[in-house]
A.B. asks: 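Here it is, the structure, as structure tokens.
Since we're looking at a predicted model, the values are computed, not measured.
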Amino acid sequence: MPGAPILVFTTGVTWAAARFRRRRPIAVDSARPCRTQPWGTTIERLAALLRGLPPSCGPVRLVAVDGHAGSGKSTFAGRLAEALGGAPVLHLDDIASHEELFGWTGRLREQVIEPLSRGESAHYAPYDWRARRFGAPRNLPAAPVVLVEGVGAGRRALRPRLARLLWMDLPAEVSWARGRSRDGAEQREFWDGWIRAEREHFAADPSRPYAHLLVRQVPQGYEMLPGPAAEHQDLTHRDGPAAV
């Protein structure tokens, strides 16, 4: 359906410190094995694939990007948003809170999913991790593309609304080590609690087995492979050299 909105979820409820730092982009190299292609070719091909999907939530295509905390979801979401023409981004750490690291399904449904399913702009109250309270409502338009990123976007309760589920395919321990290193010693206690909560969430409600596409970082870009739930096997794209 040409012109129908696309909503891309990238899961990763992050940590208090993450709300107050500038996310660093990861370079996407133009090189591919055997030949040279334009900058961002892999993500641009993914964007084209997503645009061609049928709507899954009213007039909106919902596409979730899930993965462990520290796996690079926010950076990938930024690249994908750019490839999709400057899509708005909803970070799930604006929906989560200290008291509800993963218990935010109802809030997301009421403030975001239901309005978008009617073709209306959503209004959500972002959580302030320092003040420990929700702030003034923000507008999230039912744009052609809306990105939503955070751990748990591919959860069971949301999958019926999704057109596609993407998974950042980095092992949990590697992801968490990256996150701990980035946030420093002052966030050690938060990370200890977060890891316990994330383990419990994915043990009860795993996302990776339902992913249509696995996204892996390579030294100079991304490699995308069909996931466990892939319907087509023509999704394998890569920027840069082989994954490590």
A.B. asks: Tell me if the centroids of the rings in W194 and H98 come within less than 6.0 Å of each other.
C.D. replies: no

A.B. asks: So, for L214 and G227, which heavy atoms are closest and what is the spacing to 0.1 Å?
C.D. replies: CG-CA, 3.8 Å

A.B. asks: Decide yes or no on side chain to side chain contact (heavy atoms under 4.5 Å, CB included) for M224 and R216, but give the supporting numbers first.
C.D. replies: CA-CA 6 Å; M224 302 185 195; R216 297 174 181 173; over 6 Å; no

A.B. asks: Quick check: do C57 and I113 have side-chain heavy atoms less than 4.5 Å from each other?
C.D. replies: yes

A.B. asks: Working note: Y124 + V112, criterion side chain to side chain contact (heavy atoms under 4.5 Å, CB included); need CA distance, chi angles, decisive distance, verdict.
C.D. replies: CA-CA 7 Å; Y124 66 97; V112 177; 4.2 Å; yes

A.B. asks: To the nearest 0.5 angstrom, please state how far the CD atom of E200 sits from the CD1 atom of I195.
C.D. replies: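 CD1 of I195 is found 12.5 Å from CD of E200.
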
A.B. asks: Is there a donor-acceptor pair under 3.5 Å between the side chain of R164 and the backbone N or O of L62?
C.D. replies: no

A.B. asks: Of all heavy-atom pairs between R208 and P228, which one has the smallest distance, and what is that distance?
C.D. replies: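 Answer, listing the atom of R208 first, then P228: O-CG, 3.4 Å.
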
A.B. asks: Return the CG to CZ distance between L50 and R45, rounded to the nearest 0.5 Å.
C.D. replies: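 It is 13.0 Å, given to the nearest 0.5 Å.
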
A.B. asks: Report yes or no: does E223 contribute a side-chain atom to a donor-acceptor pair with the main-chain N or O of Q217 at less than 3.5 Å?
C.D. replies: no

A.B. asks: Can you tell me how far the CG atom of L101 sits from the CG atom of L92, to the nearest 0.5 Å?
C.D. replies: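 Between L101 CG and L92 CG, I get 12.5 Å after rounding to 0.5 Å.
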
A.B. asks: Any chance you could lay out the side-chain hydrogen bond (donor to acceptor under 3.5 Å, both in side chains) test for Q111 and H123, step after step, and finish with the verdict?
C.D. replies: CA-CA 6 Å; Q111 297 183 5; H123 296 85; over 6 Å; no

A.B. asks: Is D128 salt-bridged to R133, cutoff N-O under 4.0 Å?
C.D. replies: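 The answer is no: the pair does not qualify as a salt bridge.
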
A.B. asks: Answer yes or no for R155 and W104: cation-pi contact, defined as NZ/CZ to six-membered ring centre under 6.0 Å and angle to ring axis within 45°.
C.D. replies: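 Output yes; distance and angle both within limits.
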
A.B. asks: Would you indicate whether the side-chain heavy atoms of L49 and L213 approach each other to under 4.5 Å?
C.D. replies: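 Of all side-chain heavy-atom pairs linking L49 with L213, none is under 4.5 Å.
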
A.B. asks: For E114, is the CD atom crowded, meaning more than 12 foreign heavy atoms sit under 6.0 Å from it?
C.D. replies: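 Counting other residues, nucleotides and ligands, CD of E114 exceeds 12 neighbours.
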
A.B. asks: Do R107 and F134 have side chains that get closer than 4.5 Å, going by heavy atoms?
C.D. replies: yes

A.B. asks: Answer yes or no: is there a side-chain heavy-atom contact under 4.5 Å between P88 and P141?
C.D. replies: yes

A.B. asks: Using 0.5 Å steps for rounding, measure from the CE atom of M168 to the OG atom of S74.
C.D. replies: 9.5 Å

A.B. asks: Above 12 or not: heavy atoms from other molecules or residues under 6.0 Å from CZ of R196?
C.D. replies: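 At most 12 heavy atoms, drawn from other residues, nucleotides or ligands, come within 6.0 Å of this atom.
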
A.B. asks: How close do S207 and F202 get, heavy atom to heavy atom, and via which atoms?
C.D. replies: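 Shortest heavy-atom separation between S207 and F202 comes out as OG-CE2, 3.7 Å.
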
A.B. asks: Just do the side chain to side chain contact (heavy atoms under 4.5 Å, CB included) check on R188 and R180 with the steps written out, would you?
C.D. replies: CA-CA 7 Å; R188 182 181 301 142; R180 284 182 181 276; 3.9 Å; yes

A.B. asks: So, S175 side chain and P171 main chain: donor-acceptor pair closer than 3.5 Å or not?
C.D. replies: yes

A.B. asks: Please report the shortest heavy-atom distance between A203 and P206, naming the atom on each side.
C.D. replies: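 Minimum heavy-atom separation between A203 and P206: O-CD, 4.4 Å.
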
A.B. asks: Looking only at non-hydrogen atoms, find the nearest pair between A163 and P54 and report the distance.
C.D. replies: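 Minimum heavy-atom contact is CB-O, 4.1 Å.
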
A.B. asks: Using 30° and 60° as the class boundaries, would you call the ring planes of W129 and F190 parallel, tilted or perpendicular?
C.D. replies: perpendicular

A.B. asks: Applying ring pair (Phe, Tyr, Trp, His ring centres under 6.0 Å), run through W167 and F76 and close with a yes or a no.
C.D. replies: CA-CA 11 Å; W167 176 268; F76 180 75; over 10 Å; no

A.B. asks: Are V215 and L225 close enough, and set up right, to give a side chain to side chain contact (heavy atoms under 4.5 Å, CB included), and what steps lead you there?
C.D. replies: CA-CA 7 Å; V215 182; L225 303 171; over 6 Å; no

A.B. asks: For D205, enumerate each residue passing the side chain to side chain donor-acceptor pair (under 3.5 Å) test, keeping only those at least two apart in sequence or located in another chain.
C.D. replies: none

A.B. asks: If you compare all heavy atoms of G154 against all heavy atoms of L165, which two are closest, and at what distance to 0.1 Å?
C.D. replies: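 Here G154 and L165 meet closest at CA-CD1, 3.7 Å.
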
A.B. asks: Rounded to the nearest 0.5 Å, what's the gap from CD on E100 to OG1 on T105? Could you check?
C.D. replies: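 The distance works out to 9.5 Å.
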
A.B. asks: Excluding sequence neighbours, so at least two apart, what forms side chain to side chain donor-acceptor pair (under 3.5 Å) with R161?
C.D. replies: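 Result, side chain to side chain donor-acceptor pair (under 3.5 Å) vs R161: none returned.
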
A.B. asks: Got a donor-acceptor contact below 3.5 angstrom from the D66 side chain to the G152 backbone?
C.D. replies: yes

A.B. asks: Flag the pair H68 / E173 as yes when at least one side-chain heavy-atom distance between them is below 4.5 Å, and no otherwise.
C.D. replies: no

A.B. asks: Would you indicate whether E189, at its atom CD, is surrounded by more than 12 heavy atoms from other residues, nucleotides or ligands within a distance under 6.0 Å?
C.D. replies: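 No, because the 6.0 Å sphere around CD of E189 holds 12 heavy atoms or fewer from other groups.
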
A.B. asks: Could you grab the distance from atom CZ of R109 to atom CG of L116, nearest 0.5 Å is fine?
C.D. replies: 14.0 Å

A.B. asks: Taking the six-membered ring of Y210, is NZ or CZ of R159 closer than 6.0 Å to its centre and within 45° of its axis?
C.D. replies: yes

A.B. asks: For the residue pair L108 and L158, establish whether any side-chain heavy-atom pair is separated by less than 4.5 Å.
C.D. replies: yes

